[in-house]
Each structure stands twice: as structure tokens, then as C-alpha cells.
Amino acid sequence: MAVGCFNPVLSPLVPSPPRSRLRAALRSHSHQPTAVSLRLLPSGAAAGRGTWRLAAAAESQAVQEQQARTEEPGEAGGPGAAEASSKLVLVVGGTGGVGQLVVASLLSRNIKSRLLLRDPEKASALFGKQDESVLQVYKADTRNPNDLDPLMFEGVTHVICCTGTTAFPSKRWDGENTPERVDWDGIRNLVSALPQTIKRLVLVSSIGVTKYNEIPWSIMNLFGVLKYKKMGEDFVRNSGIPFTIIRPGRLTDGPYTSYDLNTLLKATAGERRAVVIGKGDKLVGEVSRLVVAEACIQALDIESTEGQIYEINSVKGEGPGTDPEKWEELFRSVQSD
Ligand SMILES: NC(=O)c1ccc[n+]([C@@H]2O[C@H](COP(=O)([O-])OP(=O)(O)OC[C@H]3O[C@@H](n4cnc5c(N)ncnc54)[C@H](OP(=O)(O)O)[C@@H]3O)[C@@H](O)[C@H]2O)c1
């Protein structure tokens, strides 16, 4: 039985700016936030954008493999959707393994994103300096309620949250960035700060959260990661905001958070494009990060996913790619009521 194995990725903790400075920055940029905006880079773009190009290349290689059969891309349809979207998607955890792919896919669909990052420099390193009308980056640590200024949420229509830390002590816990602080305090703070006008909040959680006292999940939960993720889930469920919770199995393909050229180039879903969706926390196994990112984006638009919790795996075979109808069918196939 597979057990979720969380990434031992290193990441520095960057202190937040004084609230007054942040407010001033936000006000003076009410239409041009303290942001990096993105467009897909043409090949041969300036140095410093290399990582994003690689991420984009990895994403397009893998995602395009999956979407080869996409016929009519809707808003959540295939990359390159010609029409600009009316959505503004807040991505929290956009520098993470899943988060990077979410951002890349939103960009390729011409959907505006806003990132909340502890270190905005990471966005420049990953995505390059881009058009502010396409991608905006705000500095925030979800553990600090004071970082979550209401101005950051202005205009946001949808939210995808894929924050996380390691299940076991690691460098990523530096500054007390532990599962309790990220998966519970962070989620509670974020959800409390969100306006009730949000059309959909998609939370990436984990399989096993309802069984954290049972072996083998109790091993993964030694430092509370599954328990705190469940508490975060419950807070989302009781928030009154329309939500969808995606519980991935063990994440594969990546992690892209290594910012390593070879890793990024290898980042494809390969043959594991078929998607298995479950309900009731019964599913075990693995899932490609590309598939999780796609599930999050698709769920934003599929009405039947509102208020639902899904487990997700990916296995060898043909998958739904970016076809909204196929995703809708998949999600519906496990709908209880
Ligand atoms: N790995 C697995 O096998 C597995 C299995 C099941 C579920 N999951 C869950 O799936 C989700 C996505 O996994 P992943 O591998 O893509 O995650 P990841 O690479 O570890 O990325 C985590 C993201 O969360 C951000 N973050 C961490 N602490 C934060 C804070 N205090 N404030 C704001 N942002 C913060 C990180 O930003 P920084 O750049 O600032 O660190 C990063 O962008 C996570 O919730 C993870 O726990 C993972």
C-alpha cells in the first residue's frame, strides 16, 4: 500500500515586510500590484527566464502529450485558449511542485493569476519578469494573518491552494514552518481572509487524512501532517465558500521545486496519463503532479465538483488531458449525491 511521501525540498524563510509598507505598495499599485506578470516566453527570451522556459517546456511536453486529443478547449480547456479569461485565480503555493504547474497551465490558457508567495523573488526566478496584467505576485506567509491584507484578494474570483511542507522534520521546517503551522494555521488564516464572493476554492490536501490513526498512515502522521491537513479541510468545508478538495496520492513527476534543469526536463506524466478518481478516502497509490494541477484547474469550472472531496491517482494509459468534458465525466463517475 502506498503512503504519501512528502518532498524534502529546501526553502528559505523570508521575513514579511512591515504591514504599513505592504499596504502602501498595494495602494500605489492598485491596478499594477507589486507583481510579476507572466506571458509564455518566446524561445530565446532573455537570460534569467531559463527556469520558466524549462518549466514551460516540461509542462507543455507533458500536458500537450495529454491534450493531444483535446477538441474544443473551453476556459479550462487547452493551453493557448485565444480569449482572455474573466477569471482571476489566486494561487497559494505557486512555487511548489504542483503550484508551478498550476501557474504554468493557467498562463498557457490565458487565465490571469495572482500568487501569494513568501519570497516573490522565486516567481521571477521561475517565471521571469512578465506582464502584470497576466501574473501578479504578492508577498505573504500564510502563517501570519497580518500578511493577508484584504487588498490582496480584491478582484480574485477563484483560489487554488497547494501549500505544504515536509511530513517529517527537514530544513523546510526552519522558522517553524511545520505541518501544524502550514496545513492548519496557514489554511485557517487564508480561508478566514478570503472574501465570501470567491466562486471556488480548490484545496490540495492528501489521501489518508481521515485515517491518520491507522497504520500505515499513522507513520506518515508522526508529526501530525495528516491530522492538520484534515483540520484544514474541515475549516474549508465550514467556511461557506464554494470549495473542492483534491486529495492526491503520493506525488510523482518532479519535484520541480528542486529548480534543477534535469528534473524539469524529465517532468512529464509519461505513460501515467489515465486518471483514477475516488471518494471516501479509500484510494491509495500515486499521482503525477501534472494530473493534480490539471484536476485543480478543471474543478474551478465544473459545477458538480462544488462541495466535493476527491482522491486522485494516475496510472498507465490514456487520460482526459485538458478536455473539460472528460474531466466532468470523471468527477461525475464518483459522485455520491
Ligand atoms: N509529496 C507527496 O507525495 C504528497 C502527497 C499527498 C499530498 N501532498 C500535498 O500536496 C500539496 C502539493 O505538494 P507539492 O509537492 O507540490 O508541494 P511543495 O513542492 O512542497 O510546495 C509547497 C508550497 O507551499 C508553499 N509554502 C510553504 N509554507 C508556506 C507558508 N508558510 N506560507 C506560504 N506558502 C508556503 C511553498 O512556498 P515556499 O517556496 O515559500 O517554500 C511552496 O510553494 C501539498 O499540500 C502537499 O503536502 C504531497
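Just so you know, ligand 1 is whichever comes first in the structure, and atom 1 is the first atom listed for that ligand. Keep in mind that this is a model prediction, so the values were computed, not measured. The residues of the chain are indexed from 1 along the displayed sequence.
- Formation of a donor-acceptor pair under 3.5 Å by the E311 side chain with backbone atoms of L283 is not found in this model.
- For the ligand labelled ligand 1, residue A167 lies outside the 4.0 Å heavy-atom shell.
- The heavy atom nearest to atom 44 (C) of ligand 1, considering only T163, L101, L117, is found in T163.
- Within the structure, ligand 1 lacks D119 among the residues with a heavy atom less than 4.0 angstrom away.
- Remark: distances from the non-hydrogen atoms of G186 to ligand 1 are all 4.0 Å or more.
- Donor-acceptor pairing under 3.5 Å is lacking for the side chains of Q308 and T244.
- Between Q100 and ligand 1 there is no heavy-atom distance shorter than 4.0 Å.
- The shortest N or O to N or O distance between L251 and ligand 1 is below 3.5 Å.
- Remark: K230 pairs with D234 by the salt bridge (Lys or Arg N to Asp or Glu O under 4.0 Å) rule, at least two apart or across chains.
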- Query: Should N313 and E286 be marked as a side-chain contact (heavy atoms from CB on, under 4.5 Å) after you check the CA-CA gap, both sets of side-chain angles, and the distance that decides it?
  - Reply: CA-CA 5 Å; N313 277 191; E286 300 183 335; 6.0 Å; no

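- Within the structure, the ring-ring contact (aromatic ring centres under 6.0 Å, His included) test picks out the following pairs touching residues 279-319 (sequence neighbours left out): Y310-F331.
- Between the choices S206, P248, S205, the shortest heavy-atom distance to atom 9 (C) of ligand 1 belongs to S205.
- In this structure, E176 does not pair ionically with R143, as no charged nitrogen and carboxylate oxygen lie closer than 4.0 Å.
- Backbone and side-chain nitrogen or oxygen atoms of V182 are examined, and none is located within less than 3.5 angstrom of a nitrogen or oxygen of ligand 1.
- The closest approach between any non-hydrogen atom of R289 and ligand 1 is below 4.0 Å.
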